Novice: 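Take this structure first; my questions come after.
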Amino acid sequence: MFPLNRFRHLTIRFFLISWMTHALVLGWGAIAIARIMSIVPVLMRWSLYIWATPLALIVIWFGISLALRISKSLIGGSAAY
């Protein structure tokens, strides 16, 4: 079929595309929340508090998920089948 290097290249490309798709979906969600917060006066009052915790958690989650995906692809790519 494919040489090992070509297969590994396709796997890494798929990994990056799927990770970026997830990032875009969450980004669109953040834009929607920002739009809602700019319309509702009560949410405008607490906007800093509302944004601080979810953004911190999203950054931590993305960092951990990226590290896990990279380590899985490296471990899986180096194993002999």
Side-chain angles (χ1 to χ4, degrees):
M1 281 190 115
F2 293 118
L4 184 60
N5 290 336
R6 182 160 173 84
F7 178 72
R8 184 175 174 93
H9 178 69
L10 291 174
T11 304
I12 292 171
R13 185 181 297 172
F14 175 74
F15 152 71
L16 289 175
I17 290 172
S18 68
W19 192 78
M20 286 181 174
T21 303
H22 289 106
L24 285 174
V25 168
L26 284 175
W28 289 333
I31 291 171
I33 290 171
R35 178 73 178 136
I36 291 170
M37 284 179 20
S38 69
I39 296 172
V40 180
V42 174
L43 295 179
M44 282 184 210
R45 186 178 189 188
W46 295 315
S47 65
L48 183 63
Y49 178 73
I50 290 173
W51 276 112
T53 304
L55 283 179
L57 292 174
I58 287 172
V59 167
I60 292 169
W61 180 64
F62 268 121
I64 291 172
S65 69
L66 181 62
L68 287 173
R69 286 178 179 247
I70 289 172
S71 64
K72 277 185 178 180
S73 68
L74 290 175
I75 291 170
S78 65
Y81 291 103

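All values below come from the heavy atoms of this structure, side chains included, with hydrogens, waters and symmetry mates left out. Just so you know, residue 1 is the first one in the sequence shown, and it goes up from there. Quantities reported herein were computed from a predicted structural model and do not represent experimental measurements.
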Novice: State yes or no: do Ile31 and Leu24 share one hydrophobic cluster built from I, L, V, M, F, W and Y residues joined by side-chain heavy-atom distances below 4.5 Å, directly or via other members?
Specialist: no
Novice: Atom CD1 in Ile58, atom OG1 in Thr53: separation rounded to 0.5 Å?
Specialist: 11.0 Å
Novice: I want to check something: taking the side chain as every heavy atom from C-beta on, are Ser18 and Arg69 in contact at a cut-off of under 4.5 Å?
Specialist: yes
Novice: Would a single hydrophobic cluster contain both Leu57 and Ile33, if residues Ile, Leu, Val, Met, Phe, Trp and Tyr are joined by side-chain heavy-atom contacts under 4.5 Å?
Specialist: no
Novice: Is there a path of hydrophobic side-chain contacts, each under 4.5 Å between heavy atoms of I, L, V, M, F, W or Y residues, that connects Trp46 with Leu55?
Specialist: yes
Novice: Report yes if the side chains of Phe62 and Leu66 come closer than 4.5 Å at any heavy-atom pair, otherwise no.
Specialist: no
